[in-house]
Engineer: 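Below is a structure I'd like to ask you about.
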Amino acid sequence: MSNHLNESKNMKSNLKIFFMLSTILVVMGSCGDDFLDRTPKHGYVAGNYYATDEAVIKAIEPLYNYAWSGYNERAIVGMGSFRANDAWSPYLQGEFARFTITGLTPELMNAWSSIYMVVSMANQLIYDMDHYTKDGVSEAVKNQARGEAYLMRGTAYFYLLRGWGEVILLEDNVDATSNPVRPLNTEESVLKFIVRDFEKASELLPEKGANFHPSRYAAKALLAKALLAQSGWNKGGQRDEATLQRVVSLCDEVINCGQYALLDEYENLFRPQYNDNEETILAMRWADPLLGEYASSNNLISDLAWSDVTDVNCWGGSLHATVDMIDYYNEEPADSFRLRGTFFSPGRHYDYIWGEKGGYTYDRNWLQCKKGVVGSKADCDGHLAQQASPLNTYIMRLADVYLIKAEAILGNNASTSDARALEAFNATRLRAKLPPKTSFTFEDLIRERRIEFCLEYCNWYDMVTWYRWKPQYMLDFFNNKQYRAFMLNNGDVLMNEDKTLSYRCVFPGTNNWYFFDDQGHCYWSDCLRASENDNTVVQTKEQGYTYDLRALAEARGADYSPIILSEANIFMPYPESDVIQNPYFNKPAVEYQFSE
């Protein structure tokens, strides 16, 4: 009975991996003449497909869309932004924000399979370059294909590491199919693997990319980010100085290579007309919505937009700013350009949304998600459909490299006024039309990153990196400086004359219980107002008013349970189906045996 069960489990694992491998040639066979213009072509197998440089280039391209679709479909928002507390919605992936996901959460399972699809496709491409290319394929293109495969495999494992911690390293699909039940590898091994992949990519990729394919400097940028993580990962709170210096050098190479520049206007980063802009270092590049290819399209639009802001069928609109983010914006009201590019806020006008009607003015008292909301079909030159946005998804842009450099120079110090660090740190502030800082701390850097990359599905991954460097600091940040799952509804945000934002919170776990005192006065962030429906100010902070969300929640509800983060839930659970099939998921991770 036991042997039969094990054979059944092994068969399931083999079938799963076989399915992933079998998609590769199917996708390659559907590639067309232009990047992401995919015209079906039948009859290809690996033995006869790789006959020309063009064919090899087309085989690379599913690594930028199709392979990521299961992750991008929904999980990317919950994993990268909700867990960071950039924004949240009780109706969409609320379990990610509340840290209550399980191995049966569908989005988690889809993300896991999707990211391993990237790994599998990359492995296959590397193998095929060595075994199946014909004489008509140049060595330069073979190296480009290998380089992009290493780049995307390293990227996939970087997501896996910061999402799950210990994961299974695979670099040979044939061996993986023959021996599918494998142990988890240690976090340190995974990081070493990631660094090695990015190093290989930087050696193999061309000096300059073409037709939207990356150059070696994209690999150097990702390598800098991975090395920054490695410099302090599980090292007792101290980052390795030599590694930090290498990070700075890599950042300088990328910044000075002449291939990238910060866009002048932050808001334009999130408009489809500026896809593949000069700030883009690496992105998921989705199929044209007009092609109707769901599995290769950016389908997030349906969860982000609503009928007021688009003319395609969408059911979103419930994603809103968290208390954390509003507090950040209130600290520096002049940071209005990044606010309006990230969230709709009361009274803001957008001339490029419903442009043919004179633009769109947001008339709600709320802060709803703006990033990813691209307007109507006409606003996208017709390239918009239900569940298909033309907008690329950033993996890395140049702003990240500037802040990586600033963080590496800050290093283990409490603060820095180093000129090189300030130049890097202030690059994003100056673009946002803000005055430069004369020094900054680690807390300042966290704040700058959270504002710059809010709702770009990446802030949580940086937080995990910091947690592995400074665990106690980050636990204090998570549990004592962040406010999770306090609901803000339409009508709960007011724009003040000084451009600060007042807000009031709904009691956690309810949809309609505001905080009131014994006289029925309503608690707002900056003052006490007359009642739920009367915003007359009763008491200001200058008159002694205080606003303590946690104290209010604890006083008003015996069932209030704050969201507590710890080592037990920083990393996500593994999909239950994999845990059932592979007994190694319940055993200690092992070091990976590197072949070279």
Engineer: Could I get the full list of side-chain hydrogen bond (donor to acceptor under 3.5 Å, both in side chains) partners for S345, not counting sequence neighbours?
Structural biologist: R348

Engineer: When you check the side-chain N and O atoms of D303 and W315, is any donor under 3.5 Å from an acceptor?
Structural biologist: yes

Engineer: Per the salt bridge (Lys or Arg N to Asp or Glu O under 4.0 Å) rule, which among R449, R484, R450 passes with D86?
Structural biologist: R450

Engineer: R468 and E567: salt bridge (charged side-chain N to carboxylate O under 4.0 Å, His left out), yes or no, with the steps?
Structural biologist: CA-CA 10 Å; R468 273 295 183 246; E567 176 67 18; 3.0 Å; yes

Engineer: Ignoring hydrogens, what is the shortest heavy-atom contact between M495 and P346? Give both atom names and the distance.
Structural biologist: CE-O, 3.9 Å

Engineer: Does the side chain of E452 come under 3.5 Å of the side chain of Y266 through a donor N or O and an acceptor N or O?
Structural biologist: no

Engineer: Go through it in stages, so that I can follow the logic: the residues are N268 and Q273, the test is side chain to side chain donor-acceptor pair (under 3.5 Å), and I'd like the CA-CA distance, side-chain angles, deciding distance and then a yes or no.
Structural biologist: CA-CA 8 Å; N268 286 341; Q273 289 81 1; over 6 Å; no

Engineer: More than 12 non-hydrogen atoms from neighbouring residues, nucleotides or ligands closer than 6.0 Å to NZ on K235, yes or no?
Structural biologist: yes

Engineer: Regarding R550 and the six-membered ring of Y483, is the cationic atom NZ or CZ under 6.0 Å from the ring centre and inside 45° of its axis?
Structural biologist: yes

Engineer: Strictly below 4.0 Å, N to O, side chains only: are D308 and R364 in salt-bridge contact?
Structural biologist: yes

Engineer: Under 30°, 30 to 60°, or over 60°: which ring-plane class applies to W460 and F478, parallel, tilted or perpendicular?
Structural biologist: tilted

Engineer: For the backbone of N85 and the side chain of T322, can you confirm whether one donor and one acceptor N or O come within less than 3.5 Å of each other?
Structural biologist: yes

Engineer: How close do A305 and T310 get, counting heavy atoms only, and between which atoms?
Structural biologist: CB-CG2, 4.0 Å

Engineer: Please verify the inter-ring angle class for F516 with Y514; under 30° counts as parallel, over 60° as perpendicular, anything in between as tilted.
Structural biologist: perpendicular

Engineer: If you measure only the distance, is there a donor-acceptor pair under 3.5 Å linking the side chains of D327 and Y503?
Structural biologist: yes

Engineer: Between F344 and Y362, is the ring centroid distance below 6.0 Å?
Structural biologist: yes

Engineer: Before accepting this row, confirm whether a basic side-chain N of the pair R447/E331 lies closer than 4.0 Å to the acidic partner's carboxylate O.
Structural biologist: yes

Engineer: So does E443 have more than 12 non-hydrogen atoms from other groups sitting under 6.0 Å from CD?
Structural biologist: no

Engineer: If we ignore angles and hydrogens, is there a donor and acceptor under 3.5 Å between the side chains of Q368 and N490?
Structural biologist: no

Engineer: Pair N412, E241 - check side-chain contact (heavy atoms from CB on, under 4.5 Å), show working.
Structural biologist: CA-CA 8 Å; N412 295 299; E241 293 291 344; 3.1 Å; yes

Engineer: Only one of E448, E265, E279 passes salt bridge (Lys or Arg N to Asp or Glu O under 4.0 Å) with R431; say which it is.
Structural biologist: E279

Engineer: Do you know which two heavy atoms are closest between S525 and L501, and how far apart they sit?
Structural biologist: OG-O, 4.1 Å

Engineer: State plainly whether the residues K541 and D526 are in salt-bridge range, i.e. N to O under 4.0 Å.
Structural biologist: no

Engineer: Mind checking whether F270 and Y394 have parallel, tilted or perpendicular rings, split at 30° and 60°?
Structural biologist: perpendicular

Engineer: Is there a side-chain contact (heavy atoms from CB on, under 4.5 Å) between R529 and L494 once you walk through the steps?
Structural biologist: CA-CA 12 Å; R529 298 179 188 267; L494 298 174; 3.9 Å; yes

Engineer: Between A406 and L445, what is the shortest heavy-atom contact and its length?
Structural biologist: C-CD1, 4.2 Å

Engineer: Between D517 (side chain) and G520 (backbone), is there a donor-acceptor pair under 3.5 Å?
Structural biologist: yes

Engineer: For L398 versus L262, what's the shortest heavy-atom pair and its separation?
Structural biologist: CD2-N, 3.8 Å

Engineer: Is a donor from one side chain sitting under 3.5 angstrom from an acceptor on the other, for S89 and S318?
Structural biologist: yes

Engineer: In terms of side-chain heavy atoms, does T536 have a donor or acceptor partner in D534 at a distance below 3.5 Å?
Structural biologist: yes

Engineer: Is it the case that the side chain of D335 and the backbone of E332 share a donor-acceptor pair, with hydrogens and angles ignored and the cut-off at 3.5 Å?
Structural biologist: no

Engineer: Just verifying a value: how many Å separate M572 CE and F99 CZ, rounded to the nearest 0.5 Å?
Structural biologist: 9.5 Å

Engineer: Counting N and O atoms only, with roles assigned by atom type, does the side chain of W354 sit under 3.5 Å from a partner on the main chain of S376, one being a donor and the other an acceptor?
Structural biologist: no

Engineer: Answer yes if the side chains of Y352 and E267 hold a donor-acceptor pair under 3.5 Å, and no otherwise.
Structural biologist: yes

Engineer: Is there a donor in the side chain of T280 and an acceptor in the side chain of D276, or the other way round, less than 3.5 Å apart?
Structural biologist: no

Engineer: In this structure, which one of Y473, W233, F442 forms a ring pair (Phe, Tyr, Trp, His ring centres under 6.0 Å) with W466?
Structural biologist: F442

Engineer: I'd like to check the salt bridge (Lys or Arg N to Asp or Glu O under 4.0 Å) partners of E423; sequence neighbours left out, ordered by chain and number.
Structural biologist: none

Engineer: Go through it in stages, so that I can follow the logic: the residues are V506 and L488, the test is side-chain contact (heavy atoms from CB on, under 4.5 Å), and I'd like the CA-CA distance, side-chain angles, deciding distance and then a yes or no.
Structural biologist: CA-CA 6 Å; V506 178; L488 296 172; over 6 Å; no

Engineer: Answer yes or no: is there a donor N or O on one side and an acceptor on the other, between the side chain of Q543 and the main chain of T540, under 3.5 Å?
Structural biologist: yes

Engineer: Tell me whether W469 contacts the main-chain N or O of G237 through its side chain, where contact means a donor paired with an acceptor under 3.5 Å.
Structural biologist: yes

Engineer: Mark yes or no: R340 above the aromatic ring of Y350, with NZ or CZ under 6.0 Å from the six-membered ring centre and no more than 45 degrees from the axis.
Structural biologist: yes

Engineer: Please work out which of the three classes, parallel, tilted or perpendicular, describes the rings of F343 and Y329, given edges at 30° and 60°.
Structural biologist: perpendicular

Engineer: Any luck finding a side-chain donor-acceptor pair between N480 and D476 under 3.5 Å?
Structural biologist: yes

Engineer: If only atom types and distance count, is the side chain of D240 paired as donor or acceptor with the main-chain N or O of T243 below 3.5 Å?
Structural biologist: yes

Engineer: Step through the shown structure and confirm whether more than 12 heavy atoms of other residues, nucleotides or ligands are within 6.0 Å of CZ on F571.
Structural biologist: yes

Engineer: Can you tell me how the ring of F440 sits relative to the ring of F425, calling it parallel under 30°, perpendicular over 60° and tilted otherwise?
Structural biologist: parallel

Engineer: Could you tell me which residues satisfy ring pair (Phe, Tyr, Trp, His ring centres under 6.0 Å) with W524, sequence neighbours excluded, listed by chain and number?
Structural biologist: none

Engineer: Would you tell me whether D444 and T441 have side-chain atoms, one donor and one acceptor, within less than 3.5 Å of each other?
Structural biologist: yes

Engineer: In a check of ring pair (Phe, Tyr, Trp, His ring centres under 6.0 Å) between Y159 and each of Y457, W112, W68, which one passes?
Structural biologist: W68

Engineer: Just by modelled atom types, is the T393 backbone N or O under 3.5 Å from a matching donor or acceptor in the N298 side chain?
Structural biologist: no

Engineer: Looking only at heavy atoms, which two atoms of L455 and C369 are closest? And how far apart?
Structural biologist: CD1-SG, 3.7 Å

Engineer: Do the side chains of R271 and D379 get close enough for a salt bridge, i.e. N-O under 4.0 angstrom?
Structural biologist: no

Engineer: Between the side chain of S417 and the main-chain N/O of T438, is any donor-acceptor distance below 3.5 Å?
Structural biologist: no

Engineer: Going through the checks in order, is the side-chain contact (heavy atoms from CB on, under 4.5 Å) test met by V254 and M396?
Structural biologist: CA-CA 12 Å; V254 176; M396 175 172 273; over 6 Å; no

Engineer: Inspect the surroundings of CG in D498 and state if more than 12 heavy atoms from other residues, nucleotides or ligands are less than 6.0 Å away.
Structural biologist: yes

Engineer: Under a 3.5 Å threshold, yes or no: a donor from one side chain and an acceptor from the other, between E95 and T105?
Structural biologist: no

Engineer: Check whether N275 reaches the backbone of N392 with its side chain - one donor and one acceptor, N or O, closer than 3.5 Å.
Structural biologist: yes

